[in-house]
Amino acid sequence: MPELPEVENVRNGLKKLILGKIIIDTHVLWSNIIKEPSVSEFQKKMRGQKIVDIKRQGKFLLFILNDYVLISHLRMEGKYRIEKATVPLTKHTHVVFELDSDEQLRYLDVRKFGKMSLVDKDKLHLHPSIKNLGPEPTVETLKTEDLIKALKKTERPIKACLLDQKTVAGIGNIYADEILYDAYIHPERKGNSLSSDEIEKLKTSIIGIMSDAVEKGGTTIRTYSNAFGVEGNYQSYLNVYGKKDETCQRCQHKIEKIKVAQRGTHYCPHCQKIGR
DNA sequence: CAAGAGGCCTGTTAGC
DNA sequence: TGCTAACAGGCCTCTT
């Protein structure tokens with residue numbers, strides 16, 4: 001499931017291939033992917049737009065066009081592929097952008113969970129998906145004060161706080177588990193129960209894990225791979241996610257899997273204590 | 001306002 | 001073995 005590191009790698013790959021290309025026409029094969037505007041309006045507005053830049057905010061991919069921004073969220077299994085127009089469409093292709101290069105930018109999504117919105121360029125920062133996103137997880141953008149503010153008054157489990165995109169943008173289920181393991185914090189600890197030292201450690205882990213994952217090309221599990229079918233490497237560095245009943249590398253105790261905020265959650269009960 | 005539940009989807013896996 | 005049911009999961013919408 002693409003989280004920030006995977007989306008960042010998709011962005012870099014797409015930039016190399018389609019920057020400066022013009023969208024001749026758009027075909028929508030599953031209309032629920034297009035959140036706004038209507039499909040016909042979407043097609044009309046896209047026609048003739050040039051792909052000027054590709055950016056990212058949290059897990060949202062932003063195609064910067066002449067007049068609009070295409071906000072694209074891959075959710076669980078969304079992928080982009082570039083193909084020659086003559087290559088037959090595969091089963092899970094839902095949106096096709098015809099480019100001026102005889103190629104097509106294709107959006108594939110097995111579960112059809114992904115969403116696209118086309119918004120006016122000057123209204124991007126007002127869009128509900130974008131305007132509530134918290135800081136990006138880098139040294140320059142994520143401050144201790146941000147975390148203190150987000151956590152000090154909430155009884156929610158820290159895992160739920162990390163998954164909330166208002167706290168930090170771009171963390172999903174895999175990296176939330178990895179971050180909490182790295183910071184020695186139990187996923188069910190209440191937000192307001194963390195000490196200053198723990199918040200400081202959490203910040204360091206958030207920034208460290210996310211940048212490391214970006215650098216290693218993201219995590220490839222199950223069906224996920226980036227725009228070119230290239231796989232990331234970070235799955236080899238996971239410590240707890242998907243490691244139920246395996247041995248903790250730090251203390252040799254067994255990794256456990258529980259449910260927190262309705263999400264599968266992996267942790268080491270010895271390294272990440274609930275009390276204290 | 002905060003926070004939890006339900007809905008969107010389909011391929012894979014667990015269980016009878 | 002062959003079927004059905006549960007599960008996976010990010011975000012939005014609705015409810016409390």
Side-chain angles (χ1 to χ4, degrees), chain A residues 1-8 10 28-37 39 56-62 70-80 90-95 107-119 124 126-134 136-137 147-180 187-193 210 213 218-225 235 238 240-245 256-267:
Chain A
M1 52 237 63
E3 302 179 29
L4 184 153
E6 293 75 37
V7 178
E8 181 64 10
V10 169
V28 179
L29 294 92
W30 186 263
S31 58
N32 279 0
I33 302 288
I34 311 300
K35 193 176 154 198
E36 62 195 316
V39 171
R56 179 196 57 71
Q57 203 176 330
K59 303 174 202 170
F60 292 88
L61 206 49
L62 306 174
L70 174 62
I71 306 173
S72 169
H73 199 300
L74 307 173
R75 297 289 177 93
M76 246 58 75
E77 311 210 25
K79 309 175 204 342
Y80 281 100
T90 53
K91 191 179 170 189
H92 301 296
T93 306
H94 306 308
V95 184
Y107 178 73
L108 290 73
D109 191 339
V110 170
R111 292 195 196 161
K112 301 175 174 170
F113 263 30
K115 290 279 178 271
M116 294 183 196
S117 296
L118 190 64
V119 303
L124 175 66
L126 299 172
H127 193 271
S129 299
I130 301 299
K131 76 173 180 199
N132 291 322
L133 289 175
E136 291 281 317
L147 290 178
I148 293 173
K149 207 174 157 193
L151 302 179
K152 71 174 177 190
K153 283 197 303 193
T154 185
E155 299 263 304
R156 300 169 83 191
I158 185 64
K159 163 102 184 226
C161 300
L162 288 183
L163 291 175
D164 188 337
Q165 300 299 296
K166 288 200 291 288
T167 310
V168 181
I171 300 173
N173 205 40
I174 297 176
Y175 297 113
D177 285 1
E178 295 299 320
I179 287 164
L180 290 172
E188 288 179 302
R189 287 279 302 281
K190 289 176 181 176
N192 62 10
S193 78
M210 296 303 268
T219 301
T220 303
I221 52 164
R222 297 202 182 189
T223 56
Y224 172 73
S225 59
Q235 63 277 13
L238 295 176
V240 285
Y241 185 85
K243 305 284 183 190
K244 180 177 185 265
D245 292 336
E256 285 187 11
K257 183 177 181 185
I258 56 173
K259 267 228 192 299
V260 181
Q262 2 253 51
R263 300 288 142 70
T265 298
H266 313 72
Y267 75 109

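Within every chain, numbering begins at 1; the chains are lettered A, B, ... in the order of the sequence lines, protein sequences first and strands thereafter.
Distance from the side chain of A:Phe113 is smallest for C:dG9 among the nucleotides C:dC12, B:dG4, C:dG9. You'll find that the side chain of A:His73 is closest to C:dG10, out of B:dG11, C:dG10, B:dA5. Nearest nucleotide to the A:Lys35 side chain, out of B:dC9, C:dC12, C:dG10: C:dC12. The side chain of A:Lys112 sits closest to B:dC9 out of B:dG11, B:dC9, B:dG4. When distances run from any side-chain atom of A:Phe60 to the nucleotides C:dA8, C:dC12, B:dA3, the shortest one goes to C:dC12. In the set C:dA8, B:dG11, C:dG10, B:dG11 carries the atom at the smallest distance from any side-chain atom of A:His92.
Remark: A:Ser129 is not in phosphate contact with C:dC11, judged by side-chain N or O atoms under 4.0 Å from OP1 or OP2. Note on A:Thr154: a side-chain N or O is less than 4.0 Å away from OP1 or OP2 of B:dA3. Between C:dG10 and A:Arg263, a contact under 4.0 Å exists linking OP1 or OP2 to a side-chain N or O. Between A:Tyr241 and C:dG9 there is a side-chain N or O to OP1 or OP2 distance below 4.0 Å. Of the side-chain N and O atoms in A:Lys115, none sit less than 4.0 angstrom from OP1 or OP2 of B:dG7. When the side-chain nitrogen and oxygen atoms of A:Asn32 are compared with OP1 and OP2 of B:dC9, one or more of them lie within a distance under 4.0 Å.
Partners of A:Lys159 by salt bridge (charged side-chain N to carboxylate O under 4.0 Å, His left out), not counting sequence neighbours, listed by chain and number: A:Asp177. Here A:Arg156 pairs with A:Asp164 under the salt bridge (charged side-chain N to carboxylate O under 4.0 Å, His left out) rule; sequence neighbours left out. Scored by the ring-ring contact (aromatic ring centres under 6.0 Å, His included) test, A:Phe113 finds no partners at all (sequence neighbours excluded).
A:Lys115 contributes a side-chain N or O that, together with a main-chain N or O of A:Asn32, makes up a donor-acceptor pair within less than 3.5 Å. Checking side-chain atoms of A:Ser193 against main-chain N and O of A:Lys190 turns up a donor-acceptor pair under 3.5 Å. A:Lys59 places no side-chain N or O within donor-acceptor distance of the main-chain N or O of A:Arg75, the cut-off being under 3.5 Å.
Interatomic distance, A:Lys131 NZ to A:Leu126 CG, rounded to the nearest 0.5 Å: 7.0 Å.
If you take CD of A:Gln262 and P of C:dA8, they are 11 Å apart, rounded to a whole angstrom. Spacing between atom CG of A:Asn132 and atom C1' of C:dG10 amounts to 15 Å, rounded to whole angstrom units. Regarding A:Glu3, its CD atom lies at a distance of 10 Å from the P atom of C:dG9, rounded to whole Å. Atom CG in A:Asp109 sits about 12 Å away from atom C1' in C:dG10, given to the nearest Å. For the pair A:Asn192 CG and B:dA2 P, the interatomic distance rounds to 15 Å; values are reported in whole Å. When rounded to the nearest whole Å, the span between CD1 of A:Ile34 and P of B:dC8 equals 19 Å. Across the protein-nucleic acid pair, A:Glu77 atom CD and C:dG9 atom C1' stand 9 Å apart, rounded to whole Å. Here C:dC11 presents its P atom at 13 Å from CD of A:Gln57, a figure rounded to the nearest Å.
Both A:His127 and A:Lys257 lie close to DNA chain C; mapped to their nearest nucleotides by heavy-atom distance, the more 5′-ward contact belongs to A:Lys257.
Between the side chains of A:Gln165 and A:Asn132, no donor-acceptor pair is found at a separation under 3.5 Å.
The shortest distance between side-chain heavy atoms of A:Thr219 and A:Leu238 falls below 4.5 Å. Using a 4.5 Å heavy-atom cutoff, the side chains of A:Arg56 and A:Glu136 are in contact.
Listed in residue order, the members of residues 158-179 of chain A having a heavy atom less than 4.0 Å from DNA chain B come to none.
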Applying side chain to side chain contact (heavy atoms under 4.5 Å, CB included), run through A:Ile34 and A:Val95 and close with a yes or a no. CA-CA 9 Å; A:Ile34 311 300; A:Val95 184; 4.3 Å; yes
I'd like a list of close polar pairs between nucleotides 14-16 of chain C and the protein, N/O only, cut-off under 3.5 Å.
none

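Salt-bridge annotation for A:Glu77 and A:Lys112: absent, with no side-chain N of the basic residue lying under 4.0 Å from a carboxylate O of the acidic one.
Between A:His94 and A:Tyr107, the ring planes are tilted. Angles from 30° to 60° get that label.
Helical stems of DNA chain C (runs of at least 3 Watson-Crick or G-U pairs, donor-acceptor distances under 3.5 Å) are listed by first residue: B:2-16 with C:2-16.
As judged by a 4.0 angstrom heavy-atom cut-off over every strand, A:Lys153 is placed among residues making no nucleic acid contact.
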